There are 2 protein chains.
Amino acid sequence: MTAHLNGGDLSRLRQLNAESVMRVLRDERPQTLTELAQRVGLSRASTEDVVQELLEVGWVAEMEPAAGGVGRPARRYRFRADAGHLLGVDVGGHKVLAVITDLDGTVWHSRQVAVTPELGRSERLAAVDKAVAGVLRSAGLTGEELWGAGVATTGLVDGTGRVMLSEALTEWTGVDLAGHLRDRVGGAVWVENDCKVAALAETWRGVARHAADMVFILAGWRTGAGLVIGGKLHRGFGNAAGEIGALPAAGWQRAPGHLRAWLHDGDVFAASRAGDKAATAALRRYVKDLAQGISALVLTLDPELVVIGGGFSRSADVFLEPLRAELDRWCLRTPELRVSVLADEGVALGAAKLALDMSSPQRFARNRD
Amino acid sequence: MTAHLNGGDLSRLRQLNAESVMRVLRDERPQTLTELAQRVGLSRASTEDVVQELLEVGWVAEMEPAAGGVGRPARRYRFRADAGHLLGVDVGGHKVLAVITDLDGTVWHSRQVAVTPELGRSERLAAVDKAVAGVLRSAGLTGEELWGAGVATTGLVDGTGRVMLSEALTEWTGVDLAGHLRDRVGGAVWVENDCKVAALAETWRGVARHAADMVFILAGWRTGAGLVIGGKLHRGFGNAAGEIGALPAAGWQRAPGHLRAWLHDGDVFAASRAGDKAATAALRRYVKDLAQGISALVLTLDPELVVIGGGFSRSADVFLEPLRAELDRWCLRTPELRVSVLADEGVALGAAKLALDMSSPQRFARNRD
DNA sequence: GGCCTTTAGATGGAGTCCTGGATAACTTGC
DNA sequence: GCAAGTTATCCAGGACTCCATCTAAAGGCC
């Protein structure tokens, strides 16, 4: 049916246990061997063996022991977030943003290049090159030293990293983004839709850290969605999951128009916040349309959580409650509703997470032979 | 994030390898040790060890060797589908159907009891008891001998096996189905929504065997959906996944009405097949509404496959092509569309599969200590 | 009947994990 | 400052699983 778990060699068992140890150290505070052993379910002796090996490859570091407490002080070990670095690139209509993160998702360097939606293909690719080269330079890294690189862009992306269809960017359909970047960066490159990786970012460093099933809504002048199901990014068979906006009844094609119609593109959110009746009415129409599509997603998946991101999420204070009320009208069980805090970096961060997820299994396996 | 894979003991490795062997034997034809070893990725010697153990617990049987061929004839081993039995019960508005299947999903015994939607709670439960007792008697099994029992019913079901909400059946909301059946059957009982398990049945014995992502549509006087994502049944956080019908814009509440309106409930499908214009028009309106909801599911999930089941699927020949055409209007990529062949047994079969999926991990683990 | 091919079965070795005991380091109480 | 108590580290010995390899067995083919 699906890709099941294979057993195999004895070394496979060690690999699984090493992964367990890494997970615990990554997701929780530094631990002593005794704590680790309990947490992972191994004996102390075996845990020591595993940690020793992880120390040698540099993925785990020893800390100074905790002061106080009775008995011989235990060594404490922590996840080494700086054991590897990831490149995440957000290729949007108005900006190209490249970030370098560590394995924990902390952004250490970033480089932004302004672009416009109308820019031609080669100019946009040049902006990508500029951002990537810039961020690599300030990090003092070469592409080969990276664990991997992820690229996110608007539009549908196929399995090989080519843009199948992009309506928002000119001359962008058909670009072989993965190929282009692979030539620049040298290592492995993965390409994905921007909404999808933004969802990933929320489960990594955002407001959806412990949610197994989550829907991310990109709310901006474009509207989109990304799905996390069972803790993993859901792509769909043709990489087109979350495209509920294509359905006219979902209201997403029409939704931003209500805001755009308001007084020549002034800040409708600020006006509504200040008590402007017309602005509030426009916003209400926007929310009504937005909620149709979200309800369809929620009723389909029944997620634990819905996260609102995108440009409008900054102003979510003025429409979050109306949105919740509107969802209550349609949903059998309205999920918890949260606003993204990742701001403009969400997509780039998600691209980095994509690269981490795709590269680390191989890296684990390769390390043990 | 999610329940990750734990490593552990050495016996855990053996367990994983035994599961791999079982999967290969179950999904493919009988195999020799050499074939098995290659397929599973173990050495011949270890495979022999594993198979020996599986022979001893009775989950695998030896066959007479294949005739012909050069070299010493190899022993061949097969999956023993009769190593265990499952009870699946479909509690519907018009019938209660209980089946006994083997581990392969072959139905060996079944017992149907006619009911009506208006029946009271205790009468319906009595019908369940009658069907279950009857099918157990004809199978010559007691409840304790079963690997597990699954029950499917209309309405939302909570995690403990209680019916949270059922609109189609009177006095059915709040019934503790799991508790009731546990008293009768003795073993472990799982309860789930009927659309959901019908989806499961399609991936087991139906037309969706190798699909990882699949949407099942129950098309009948009620309309519902069940989702399989990543090879597993998707329940949702509140067990309410697939309830797109709750959204008025999805059209499912209105859809069957077009057919019901046609000439006092005559067979609209047969009439349309015979060329009746009015019947065809009613059917067309039905399909238009049905397609709205399906499109929402498809655009959300981008599944590999959509399976049409339920009472109307018998007459799918008259509306499958119009449905496909309608889906083409809305979907970015219309998935493959198939018609269920499980007929009336789909839900009961799915309930049995639910019991198998829920019980076998424990059974694997318990067997090795 | 002898040869060839393939499988069955047995043996020794390596890797991983567990248990239990001896040793080490630090705190507490006197 | 020293002994007692507590906890951690370190070091076998033993069990389990897998692998490589070798010999014996069972067929077909000449």
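In what follows, chains are A, B, ... by sequence order, proteins preceding strands, each numbered from 1. Here the structure is a predicted model, which is why all the values come from computation and not from measurement.
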Separation of [X] atom [atom1] from [N] atom [atom2], in whole Å?
{"X": "A/Arg12", "N": "D/dC16", "atom1": "CZ", "atom2": "C1'", "result": "19 Å"}
{"X": "B/Glu62", "N": "C/dG9", "atom1": "CD", "atom2": "C1'", "result": "14 Å"}
{"X": "A/Gln52", "N": "C/dC17", "atom1": "CD", "atom2": "P", "result": "14 Å"}
{"X": "A/Leu10", "N": "D/dC19", "atom1": "CG", "atom2": "P", "result": "8 Å"}
{"X": "A/Glu48", "N": "C/dC18", "atom1": "CD", "atom2": "P", "result": "13 Å"}
{"X": "B/Leu33", "N": "C/dA8", "atom1": "CG", "atom2": "P", "result": "5 Å"}
{"X": "A/Leu13", "N": "D/dC19", "atom1": "CG", "atom2": "C1'", "result": "16 Å"}
{"X": "B/Leu16", "N": "D/dC16", "atom1": "CG", "atom2": "C1'", "result": "15 Å"}

Between [N] and [X], is there an OP1 or OP2 to side-chain N/O distance shorter than 4.0 Å?
{"X": "B/Arg75", "N": "C/dG9", "answer": "yes"}
{"X": "A/Asn17", "N": "C/dC17", "answer": "yes"}
{"X": "A/Ser43", "N": "C/dC17", "answer": "no"}

Review point. Which of these nucleotides, C/dC18, C/dC26, C/dG9, is closest to any side-chain atom of A/Pro73?
Key: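 Of the candidates, C/dC26 comes closest.
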Point to revise | Of the listed nucleotides C/dT16, D/dT17, D/dG27, the one nearest the side chain of B/Val70 | key: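 The answer is D/dG27, which lies nearest to the side chain.
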Practice item. Check whether the side chains of A/Thr106 and A/Asp104 place a donor and an acceptor atom closer than 3.5 Å, and report yes or no. Key: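 Looking only at side-chain atoms, A/Asp104 and A/Thr106 do not form any donor-acceptor pair under 3.5 Å.
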Check your understanding: Among side-chain atoms of B/Glu48 and B/Gln52, is any donor-acceptor pair under 3.5 angstrom?
Key ->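 B/Glu48 vs B/Gln52: no donor-acceptor pair found between side chains.
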Within the 4.0 Å heavy-atom criterion, would you say [X] contacts the bases, only the backbone, or no part of the nucleic acid?
{"X": "A/Ala74", "answer": "sugar-phosphate"}
{"X": "A/Arg44", "answer": "base"}
{"X": "B/Thr34", "answer": "sugar-phosphate"}

Review point. Do the charged groups of B/Glu192 and B/Lys353 touch, with an N to O distance under 4.0 Å?
Key: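 Judged by the 4.0 Å cut-off on N to carboxylate O distance, B/Glu192 and B/Lys353 do not form a salt bridge.
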Point to revise | A/Arg14/A/Asp49 ion pair, N-O < 4.0 Å | key: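 The answer is yes: the pair qualifies as a salt bridge.
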Check your understanding: Going by modelled atom types, is there a donor-acceptor pair between the base of C/dA8 and the side chain of B/Arg72 at under 3.5 Å?
Key ->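 Between C/dA8 and B/Arg72, which were checked side chain against base, a qualifying N/O pair under 3.5 Å is absent.
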Review point. Taking everything shown except B/Arg76 itself, do over 12 heavy atoms lie less than 6.0 Å from its CZ?
Key: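 Yes, CZ of B/Arg76 has more than 12 neighbouring heavy atoms, counting only those of other groups under 6.0 Å.
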